[in-house]
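One structure is given below, encoded as structure tokens.
By convention in this document, chain letters (A, B, ...) are assigned in the order of the sequence lines, proteins followed by strands, and residues within each chain are numbered from 1. Since this is a predicted model, take the numbers as computed values, not measurements.
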Number of protein chains: 2
Amino acid sequence: MVPKKEPAERRGRGRPQSFERETALCAAMRLFWDRGYEGTSFDDLIATMGISASSFYNAFGSKEALYHEAIETYMSVAGGWFLDILNENIDTITAFRKLTTTAAMEFTRDDQPSGCMISVAATQCSPGQSRLRDLLASQRTQAEGAMAERLRVGMSAGDLPENTDIDALAAFYGSLLRGMAVQARDGASRDRLLEIARIGMRAWPAI
Amino acid sequence: MVPKKEPAERRGRGRPQSFERETALCAAMRLFWDRGYEGTSFDDLIATMGISASSFYNAFGSKEALYHEAIETYMSVAGGWFLDILNENIDTITAFRKLTTTAAMEFTRDDQPSGCMISVAATQCSPGQSRLRDLLASQRTQAEGAMAERLRVGMSAGDLPENTDIDALAAFYGSLLRGMAVQARDGASRDRLLEIARIGMRAWPAI
DNA sequence: GGATTTATGGAGCGATGGTACCAAAAAAAG
DNA sequence: CTTTTTTTGGTACCATCGCTCCATAAATCC
């Protein structure tokens with residue numbers, strides 16, 4: 001195969017990679033996102049990434065290691081809107097309104113797999129995948145923790161009643177988002193998800 | 001192996017089955033519930049069911065056919081509370097309050113796998129399993145349809161405002177229940193789920 | 001008892017899964 | 001050009017997966 005032109009960057013010695021690592025990683029992420037870890041076969045991976053088995057192991061180490069990288073990529077890129085919104089300098093209720101409506105929009109983009117890569121992954125899996133299950137569960141717990149943190153800030157700012165059960169409220173919105181992810185996977189429309197988000201905001205505690 | 005005593009019932013001729021079909025089916029259901037379809041291996045199945053490969057195929061036909069039966073069993077037994085509550089002759093808001101709180105209870109029973117067998121199944125799977133994916137998605141849609149139907153009855157009875165978007169409200173509670181199922185799988189406590197259910201009822205439309 | 005029917009045990013099969021290995025290729029360094 | 005370093009292509013490997021086949025066992029029917 002004709003190697004691609006060198007990517008401007010200073011290369012070390014040795015034969016240059018014939019593919020862009022980031023592009024291949026992104027392609028793998030989408031496949032994992034769509035099919036999950038166990039549902040994505042090695043052969044499908046290297047076919048989609050456009051590389052050989054040797055190149056795969058040389059560049060990514062193993063299927064599991066690649067999945068870890070895919071998750072990281074998802075969180076910082078495709079799912080970056082989540083933490084971005086929590087960090088915006090806006091009203092707490094505005095932040096959560098934006099969180100739910102943006103989820104509705106992002107979960108139904110036609111240039112990406114539907115739903116969320118993390119929300120519904122590895123909830124049912126073989127015993128051999130318990131490490132992955134724990135990893136995914138931990139990611140979900142972290143996301144919920146971030147929401148709880150934001151709610152705590154809001155409480156300090158007087159955006160929430162003093163007696164609000166912060167952790168329960170975060171768990172509620174966590175549940176809602178995960179359920180919306182399942183709906184999206186099942187083919188629910190953007191409008192339908194937006195309606196769900198709107199109804200979900202009715203549960204916001206009265207000040 | 002010593003065959004068990006005949007189960008009172010009139011048998012035809014031929015060697016009698018050495019196991020109770022229903023017991024084996026129930027054991028399979030639990031395994032599928034816990035690990036999903038692809039996460040459950042054939043060997044694990046027959047080991048848990050306590051039967052041989054021959055007996056398995058003789059009695060159930062195939063792994064996929066068994067899964068279908070397991071789903072039916074789940075819906076009529078372990079998940080029967082769902083339709084039962086929708087058919088109870090009670091106030092609409094009472095029915096949905098009972099639906100969400102019962103879900104919280106059922107999803108965290110210590111004598112069963114946590115969560116719901118249907119809610120989060122086959123949302124991510126290999127292309128070869130598209131039939132199962134569609135089946136599960138259809139089950140979820142049906143469950144949501146049953147809730148919508150109940151809401152429509154409630155609307156006729158004056159339990160809901162005239163302008164209520166029934167389908168959206170059903171989708172909201174569908175999302176919430178599915179999200180709760182994920183939470184349960186991730187180890188959320190019964191109290192936590194009950195809190196989520198309580199908060200979810202705040203979204204009920206004001207009369 | 002013999003014939004018939006159904007279930008069981010056990011061996012094994014073809015396909016696929018993820019991975020390892022090695023000689024060859026393509027670059028930089030000396 | 002030679003050496004060194006890294007990537008690549010191809011092949012082969014071993015475990016697992018879902019499933020099949022066949023001889024045998026255990027019941028009923030005549």
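- Ring centers of Tyr57(B) and Phe42(B): under 6.0 Å apart, within the cut-off.
- As judged by a 4.0 angstrom heavy-atom cut-off over every strand, Tyr57(B) is placed among the base-contacting residues.
- Nearest nucleotide to the Ser54(B) side chain, out of dG9(C), dA25(D), dT8(D): dG9(C).
- With dG18(D), dA20(C), dT8(C) as the choices, the nucleotide that has an atom nearest any side-chain atom of Ser41(B) turns out to be dG18(D).
- Atom-to-atom, CZ of Phe32(B) to P of dG18(D) comes out at 9 Å; the value is rounded to the nearest Å.
- DNA chain D is contacted by both Ala53(A) and Ala59(A); Ala59(A) maps to the nucleotide lying nearer its 5′ end (nearest heavy atom per residue).
- In this structure, Asp159(B) does not pair ionically with Arg152(B), as no charged nitrogen and carboxylate oxygen lie closer than 4.0 Å.
- Straight-line distance from the NZ atom of Lys63(B) to the P atom of dT20(D): 14 Å, rounded to whole Å.
- Of the side-chain N and O atoms in Ser55(A), one or more sit less than 4.0 angstrom from OP1 or OP2 of dT8(D).
- A side-chain donor-acceptor contact under 3.5 Å links Gln183(A) and Glu144(B).
- Remark: P of dA7(C) and CD of Gln17(B) are 6 Å apart, rounded to the nearest angstrom.
- Set against dA26(C), dT20(D), dT7(D), the side chain of Pro16(A) has dA26(C) as its closest nucleotide.
- The nearest whole Å value for the distance from the CG atom in Asp43(B) to the P atom in dC19(D) is 12 Å.
- Taking the side chain of Asn58(A) as heavy atoms from C-beta on, and the options dT4(C), dT8(D), dT19(C), the nearest nucleotide is dT8(D).
- Checking Met29(A), Gln112(A), Met75(A), Gln139(A) one by one against Met117(A), the side chain to side chain contact (heavy atoms under 4.5 Å, CB included) holds for a single residue, Met29(A).
- One atom, CZ of Phe42(B), and another, C1' of dT16(C), lie 17 Å apart when rounded to the nearest Å.
- Whole-Å rounding puts the Asp44(B) CG to dC17(D) P distance at 7 Å.
- Within 4.0 Å of Thr40(B), counting heavy atoms only, lie sugar-phosphate atoms of the nucleic acid but no base atom.
- Here Ser18(A) does not reach the OP1 or OP2 of dT7(D): none of its side-chain N or O atoms lies under 4.0 Å away.
- Here the side chain of Arg15(A) is nearest to one of dA7(C), dA26(C), dT4(D), namely dA26(C).
- When atom types are taken as modelled, the side chain of Arg140(A) and the backbone of Ala121(A) share a donor-acceptor pair closer than 3.5 angstrom.
- Rounding to whole angstrom units, CZ of residue Arg35(B) and C1' of dT16(D) are separated by 15 Å.
- Atom CD of Glu38(A) and atom C1' of dC17(D) are 13 Å apart (whole Å).
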